[in-house]
**Student:** 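Please read through the structure below; I'll follow up with questions.
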Amino acid sequence: MISNNYNILVNNDVVETKLQYHKTKDGIIFNIENDCNLNISHQFGPKVIINFNKNVKCFINSIYEVPAVEPIIDLNIEQNCHIDEFISFDDQLIDLKINRNVNVKDNAQYECSVASFNDCNIDYKIKIDLIGENASAIHNVACLNKDNYKKQFDVEIINNAINTSGVLNNFGVVKNSATLIFNGIGNIIKGARKSQAHQESKIITFDENVVAQANPYLIIDEADVEASHAAAVGQMDEEQLYYLQSRGISVDEASLLITYGYLKPILNKIKNDKLKNKLEKIIEDKVMI
Amino acid sequence: MSTLKITDLHVSVENKMILKGINLEVKTSEIHALMGPNGNGKSTLLSAIMGHPKYKIEKGSIYLDDINILDLSVDERSKAGLFLGMQYPTEVSGVTNADFLRAAMNAHSDKPISLFKFIKQLDSEVEKLKMKPDLAHRYLNEGFSGGEKKRNEMLHMNLLKPKFALLDEIDSGLDVDALQIVSDAINEMRSDKFGAIIVSHYERLFDLVKPTHVHILVDGKIVKSGGYELVKKIDNEGYDWIREELHIDLKEEVGNYDK
């Protein structure tokens, strides 16, 4: 149980936190030396770089809040660290561009779950570099998009070292005239033997006017690896809707149940219990209105 | 006492007329067996009563007491007191049976059922149906065997307590023990507040759940009605005697639109 809790609020040049930091031309840099929980509220301003010293365990709760114009939080994760991150978005956001970099060194683990249920446009890009032996990363996205909003998630994991493991899971529901695009990129560099790159992307569409794409890319330049991808875009099953209605559930409530049911299995793919619980709660809160 | 009254019902699917004038009146306390060769419209009738969007009502009426149920949506029909036990219950991933049932029971009630009361009722019915306790907490019908799905349909029926149950080959895929359990569940529902239309091909179900009325449906029409003796006759002789006795040309399957 980690008892140290810190908040970081970045709004333009104003930084509110009890943690030490220094400003450089590259951005605001934090060095985390001990196990802790971090609550990061990033509203607007310079890039934030968080360096985790060796052996640190940390749970990061990242919230992107208004006005959140192209906020950047990069993570450098040293050897043997165990970093879990939960990313969510303020309901007031309208447009958000995120471009993140995460570097993971030897024997370190990074698991990130993104919950995107708000009505806004999101262009989310993350590149996770597994740069040390036995480094691993799991990146999960659960997304509901509706009305005319566009959300795109480009998630790339690069296996640069031996015996590294990268896993992507993207589960989405898209309604009305909204757009949802998942681009999953697994990139195994030559020499990264015994590495793994796996990804699964699933989107269910509720309406004819939506745009939905689940694009898996595997770029593999090494023979001694394991890699897989599964991508599916499908329409909501009318028979499911009928079945639920035949038990007295209204069509609106039945749609919510199907949405909930479609997203919920992503929870089984999350290792960290705290991440799992937070995502489960947000799915329940945002979907089962 | 309630009445489900079907008058001159014509139903098409994909521009093909399947039901060609069904007249049927079912009262609570009655169990109507609906028999007939495959593909002649039995399941279509049940699905049309429940309001499956695939089936188009071309003519006729269906009243539940004084409510024209053709004016109601599928969920409103359920709340009015109709229940369809399906031949092929749909799987819904991510939604547990128990969560779904609680939502369904709440939809049927003016005020939400307490968690304690719900669990008590659920546990009691699960035990009666000799279901595996974990089935209630697994995703709806996902990975259920054929027999488990049918018992699950009975679980839904027992908890929702409809006025009229429409049971579509609820006995298919059941072993002898499971058939007894499902039959017990239907018999337990029998009262002056419950009626049913049961589609089955087999005497064994109607031995266990004795129908008050038996109808034979051929080519979209009820061609003969009677009592339990009709079940016996069909079991012994099949349907060929209909051709001779009623001068009806028994067609091969006209198309099974129910699957």
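Bear in mind that the values here come from a model prediction, so they are computed numbers and not experimental data. In what follows, every chain begins at residue 1, and chains take the letters A, B, ... in the order their sequences are listed. Excluded from the calculations below are hydrogen atoms, water molecules and symmetry mates; all remaining heavy atoms, backbone and side chain alike, are included.
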**Student:** Could you tell me if the side chain of B:Asp75 sits less than 4.5 Å from the side chain of A:Tyr242, heavy atoms only?
**Tutor:** no
**Student:** Considering only heavy atoms and a distance below 4.5 Å, find which of A:Ile249, A:Leu241, A:Val251, A:Asp237 pairs most often with chain B.
**Tutor:** A:Ile249
**Student:** Should A:Lys264 and B:Ser93 count as side-chain neighbours, where that means a heavy-atom distance under 4.5 Å?
**Tutor:** no
**Student:** If you define the side chain from C-beta out and look only at heavy atoms, does anything of A:Leu244 sit under 4.5 Å from B:Val95?
**Tutor:** no
**Student:** Heavy-atom cut-off 4.5 Å, strictly under: side chain, backbone, both or neither for A:Tyr262 against chain B?
**Tutor:** backbone
**Student:** Could you look at B:Leu140 and say if it's the side chain, the backbone, both or neither that has a heavy atom under 4.5 Å from chain A?
**Tutor:** side chain
**Student:** Checking B:Asn141 against chain A: side chain, backbone, both or neither under 4.5 Å from a heavy atom?
**Tutor:** side chain
**Student:** For the backbone of B:Glu91 and the side chain of A:Gln240, can you confirm whether one donor and one acceptor N or O come within less than 3.5 Å of each other?
**Tutor:** yes
**Student:** Could you state the interatomic distance from CE (B:Met50) to OH (A:Tyr243), rounded to the nearest 0.5 Å?
**Tutor:** 11.5 Å
**Student:** Roughly how far, to the nearest 0.5 Å, is the OG atom of A:Ser246 from the CZ atom of B:Arg77?
**Tutor:** 11.5 Å
**Student:** First locate atom NZ of B:Lys79, then atom OG of A:Ser250, and finally report the distance between them rounded to the nearest 0.5 Å.
**Tutor:** 6.5 Å
**Student:** Tell me, side chain or backbone of B:Pro162 under 4.5 Å from chain A's heavy atoms, or both, or neither?
**Tutor:** neither
**Student:** Counting heavy atoms not belonging to A:Lys127, are there more than 12 under 6.0 Å from its NZ?
**Tutor:** no
**Student:** Taking atom NZ as the centre, does A:Lys150 end up with more than 12 heavy-atom neighbours from other residues, nucleotides or ligands that are less than 6.0 angstrom away?
**Tutor:** no
**Student:** Is it the side chain or the backbone of B:Leu160 that comes within 4.5 Å of chain A heavy atoms, both, or neither?
**Tutor:** side chain
**Student:** Would you indicate whether A:Gln235, at its atom CD, is surrounded by more than 12 heavy atoms from other residues, nucleotides or ligands within a distance under 6.0 Å?
**Tutor:** no
**Student:** Does a sphere of radius 6.0 Å around NZ in A:Lys274 hold more than 12 heavy atoms from other residues, nucleotides or ligands, not counting ones at 6.0 Å or beyond?
**Tutor:** yes
**Student:** Less than 4.0 angstrom from a charged side-chain N to a carboxylate O is my criterion; do A:Glu239 and B:Lys54 meet it?
**Tutor:** no
**Student:** Let me know if B:His108 has heavy atoms under 4.5 Å from chain A in its side chain, its backbone, both or neither.
**Tutor:** side chain
**Student:** Could you tell me which non-hydrogen atom of A:Arg247 sits nearest to which non-hydrogen atom of B:Ser78, and how far apart they are?
**Tutor:** C-OG, 3.1 Å
**Student:** Using a 6.0 Å cut-off, check whether atom NZ of A:Lys125 has over 12 heavy atoms from anything other than its own residue.
**Tutor:** yes
